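When reading the values below, keep in mind they use all heavy atoms of this one structure, side chains included, and skip hydrogens, waters and symmetry mates. Model, not experiment: these values are computed from the prediction.
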Amino acid sequence: MKYHQIDRNLFIKNRAKFTAQMKPNSVAVFNSNDIYPVSADSSLPFEQHRDIFYLSGVDQEESILLLFPDAPYEHLKEILFLKETNEHIAIWEGEKLTKERAFEVSGIKSVIWLQDFHKNLKEVMAYAETMYINTNEHYRASIETETREARFVKWWKDNYPAHKVEKSNPILQRVRSIKESEELDLIQTACDITEKGYRRVLQFVKPNVMEYEIEAEFAHEFLRNRSKGFAYTPIIASGNNANVLHYIENNQQCKAGDLMLLDVGAEYANYSSDMTRMVPVSGKFTDRQKQVYNAVLRVKNEATKMLTVGNFWKQYNVEVGKIMTSELLGLGLIDKADVQNENPDWPAYKKYFMHGTSHHMGLDTHDYGLLHEPMKANMVFTVEPGIYIPEEGFGIRIEDDIVIQEKGEPFNLMRNIPIEVDEIESIMNS
């Protein structure tokens with residue numbers, strides 16, 4: 001791995017939080033992701049399943065974590081099953097985790113080679129009454145591929161039909177959404193790498209460069225700072241491309257006078273950052289661009305103040321909508337009649353700001369978290385209002401990553417990334 005080793009105490013704490021909410025005499029199993037084929041002998045780069053990483057720190061394919069806190073024997077309470085490493089694998093793929101190294105990474109003493117998984121599971125299931133299966137219930141999830149986890153669940157149900165079934169996901173949604181201090185440090189590192197990429201790009205952008213050249217500048221800076229690269233597919237959208245919310249082609253030329261939307265974030269140690277900034281291709285905002293930009297910035301700043309303990313996501317978005325309505329009135333994009341006659345299910349402001357303001361962030365860019373429950377300290381949310389004006393040829397979105405505090409103002413993990421118009425212009429023209 002490119003990243004520095006994470007203190008195994010983080011994963012010990014994470015497992016303790018999860019097992020504390022398991023029912024008596026129950027088992028939970030977590031599988032690594034597959035390596036997905038492309039064609040011939042090609043495959044996509046491996047990405048570890050975030051749940052097994054969160055609970056063990058193991059960042060390797062063909063891994064299984066078993067948790068059985070009420071096991072009658074100590075060696076069955078926590079078990080890591082790993083693909084057995086050997087000299088052949090070391091030569092062709094690089095060394096995999098040894099049992100000793102797996103303990104250093106995870107803090108789990110019982111490490112068994114994967115070939116013995118079914119034998120050990122059979123013993124465990126003879127003692128246990130309930131199995132926690134791990135299904136993806138994220139509100140944005142849309143899955144067509146059968147995952148390794150899904151195959152295991154299907155196999156387990158066929159082979160152990162007499163056991164009770166519980167779901168791991170509701171527990172994970174809660175415990176993963178509240179970050180430990182070590183996790184906040186890792187997210188901060190990802191944000192700091194994103195800042196380096198952004199500052200590099202501010203010196204690089206000029207009329208006639210291609211969007212993909214800017215993407216390459218980010219990639220260069222991310223990789224040289226121990227990141228695997230982008231936390232999500234980057235959006236480099238110049239001119240009217242910014243009005244396509246998930247524009248990812250990044251293949252157009254950046255023209256003089258245009259604004260460019262950069263929705264880009266680095267990952268670090270599987271943790272995400274998520275930034276959006278606006279760059280004037282010619283190095284200076286026009287008066288109208290500046291007017292709209294500052295309106296979005298005011299909405300972002302006011303929305304950030306509302307990310308506090310006890311607030312609810314749904315009501316938060318309603319309040320942000322009121323602030324945005326006021327700004328759109330000031331910009332002349334809507335009028336009082338639009339507001340008076342608006343559809344409550346699709347308010348007038350939605351014509352120019354059609355997406356939500358915030359989402360959980362962490363190991364996943366759209367991270368775990370139950371939106372119907374109140375906000376809690378050490379949750380990390382994005383704040384990303386926008387105004388999109390196709391008829392004027394530009395769209396503006398600004399986004400920071402924010403930590404909810406137990407007391408006091410929310411903490412901005414992107415506080416050092418240039419955001420004010422004057423600062424952006426000054427760096428670009430220095």
Side-chain angles (χ1 to χ4, degrees), residues 195 197-215 217-218 234-264 275-304 320 323-335 338 348-355 357 383-400 414 417-430:
E195 177 192 353
Y198 179 59
R199 289 184 180 275
R200 177 188 180 113
V201 162
L202 285 178
Q203 299 282 353
F204 175 80
V205 170
K206 57 185 179 297
N208 300 322
V209 301
M210 301 299 290
E211 292 168 343
Y212 55 74
E213 293 182 272
I214 295 163
E215 182 178 352
E217 292 296 308
F218 274 112
I235 299 170
I236 315 290
S238 59
N240 235 333
N241 295 333
N243 292 309
V244 180
L245 298 183
H246 292 139
Y247 172 84
I248 57 172
E249 284 78 7
N250 303 347
N251 61 2
Q252 299 298 305
Q253 191 175 56
C254 303
K255 299 176 182 176
D258 275 351
L259 275 186
M260 180 170 52
L261 185 151
L262 305 173
D263 190 338
V264 176
M275 175 199 78
T276 308
R277 290 292 187 272
M278 304 302 306
V279 175
V281 173
S282 298
K284 188 172 179 62
F285 291 82
T286 67
D287 289 343
R288 178 59 171 173
Q289 290 168 350
K290 186 186 299 186
Q291 183 186 31
V292 178
Y293 182 94
N294 284 330
V296 176
L297 184 58
R298 285 191 294 270
V299 175
K300 187 199 76 72
N301 290 339
E302 290 303 310
T304 299
V320 174
I323 300 168
M324 180 60 79
T325 297
S326 176
E327 292 292 349
L328 293 175
L329 286 168
L331 292 169
L333 291 170
I334 60 175
D335 57 32
D338 293 324
Y349 77 85
K350 287 287 189 180
K351 180 179 179 181
Y352 296 99
F353 174 39
M354 61 291 295
H355 57 79
T357 310
V383 183
E384 48 182 309
I387 295 176
Y388 308 92
I389 321 174
E391 60 269 26
E392 296 187 34
F394 66 91
I396 292 176
R397 181 166 67 250
I398 308 172
E399 178 181 22
D400 280 336
M414 293 186 161
I417 301 179
I419 197 168
E420 296 288 345
V421 165
D422 292 346
E423 187 178 10
I424 293 168
E425 291 180 342
S426 175
I427 295 171
M428 292 187 73
N429 293 291
S430 61

Who pairs with [X] by salt bridge (charged side-chain N to carboxylate O under 4.0 Å, His left out), at least two apart in sequence or on another chain?
{"X": "R200", "result": "E217, E221"}
{"X": "K255", "result": "none"}
{"X": "E215", "result": "none"}
{"X": "E327", "result": "R298"}

*Going by heavy atoms in the side chains, are V201 and F218 under 4.5 Å from each other?*
yes

*With a 4.5 Å limit on heavy-atom distance, are the side chains of R277 and I398 in contact?*
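R277 vs I398: side chains touch.
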
*Is NZ or CZ of K206 both nearer than 6.0 Å to the six-membered ring centre of F204 and within 45° of the ring axis?*
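Yes.
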
*Partners of N241 by side-chain hydrogen bond (donor to acceptor under 3.5 Å, both in side chains), sequence neighbours excluded?*
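Once residues adjacent in sequence are excluded, the partners of N241 under the side-chain hydrogen bond (donor to acceptor under 3.5 Å, both in side chains) criterion are E211, Y247.
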
*Run the numbers on I387 and L331 for side chain to side chain contact (heavy atoms under 4.5 Å, CB included), then give the verdict.*
CA-CA 11 Å; I387 295 176; L331 292 169; 3.7 Å; yes

For the [atom1] atom of [X] and the [atom2] atom of [Y], what is their distance to the nearest 0.5 Å?
{"X": "I236", "Y": "L262", "atom1": "CD1", "atom2": "CG", "answer": "5.0 Å"}
{"X": "Y349", "Y": "M324", "atom1": "OH", "atom2": "CE", "answer": "8.5 Å"}
{"X": "I389", "Y": "L333", "atom1": "CD1", "atom2": "CG", "answer": "4.5 Å"}
{"X": "M428", "Y": "F285", "atom1": "CE", "atom2": "CZ", "answer": "8.5 Å"}
{"X": "N251", "Y": "Y212", "atom1": "CG", "atom2": "OH", "answer": "8.5 Å"}
{"X": "N208", "Y": "Q253", "atom1": "CG", "atom2": "CD", "answer": "4.5 Å"}

*Please step through side chain to side chain contact (heavy atoms under 4.5 Å, CB included) for the pair E213 and V205, ending with a clear verdict.*
CA-CA 9 Å; E213 293 182 272; V205 170; over 6 Å; no

What are the two closest heavy atoms between [X] and [Y], and how far apart are they?
{"X": "V383", "Y": "A303", "value": "CG1-CB, 3.8 Å"}
{"X": "P234", "Y": "N250", "value": "O-ND2, 3.1 Å"}
{"X": "N429", "Y": "G283", "value": "ND2-O, 2.8 Å"}
{"X": "V320", "Y": "V299", "value": "CG1-CG1, 4.0 Å"}
{"X": "G395", "Y": "N243", "value": "CA-OD1, 3.4 Å"}
{"X": "I214", "Y": "C254", "value": "CD1-SG, 3.9 Å"}

*asked:* According to salt bridge (charged side-chain N to carboxylate O under 4.0 Å, His left out), does anything in residues 418-429 pair up with another residue at least two apart or in another chain? List the pairs.
replied: K284-E425

[X]: partners by side chain to side chain contact (heavy atoms under 4.5 Å, CB included), with sequence neighbours left out:
{"X": "S282", "answer": "P207, A256"}
{"X": "A242", "answer": "A237, L261"}
{"X": "L245", "answer": "M354, H355, Y388, R397"}
{"X": "I248", "answer": "T233, I235"}

*Is there a side chain to side chain contact (heavy atoms under 4.5 Å, CB included) between V279 and L259 once you walk through the steps?*
CA-CA 6 Å; V279 175; L259 275 186; over 6 Å; no

Per-pair distances, 0.1 Å, donor-acceptor, side chain in residues 289-296, under 3.5 Å, sequence neighbours excluded:
unit_1: Q289; atom_1: OE1; unit_2: T286; atom_2: N; d: 3.0
unit_1: Q289; atom_1: OE1; unit_2: T286; atom_2: OG1; d: 3.4
unit_1: Q289; atom_1: NE2; unit_2: G257; atom_2: O; d: 3.0
unit_1: Q291; atom_1: OE1; unit_2: R288; atom_2: NH1; d: 2.7
unit_1: Y293; atom_1: OH; unit_2: I419; atom_2: O; d: 2.4
unit_1: N294; atom_1: ND2; unit_2: K290; atom_2: O; d: 3.3

*Who passes ring pair (Phe, Tyr, Trp, His ring centres under 6.0 Å) against F394, sequence neighbours left out?*
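Scan of F394 (ring pair (Phe, Tyr, Trp, His ring centres under 6.0 Å), adjacent residues dropped) gives none.
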
_Heavy-atom neighbours of K351 NZ exceed 12 at 6.0 Å_ =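 Count not over threshold, so no.
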
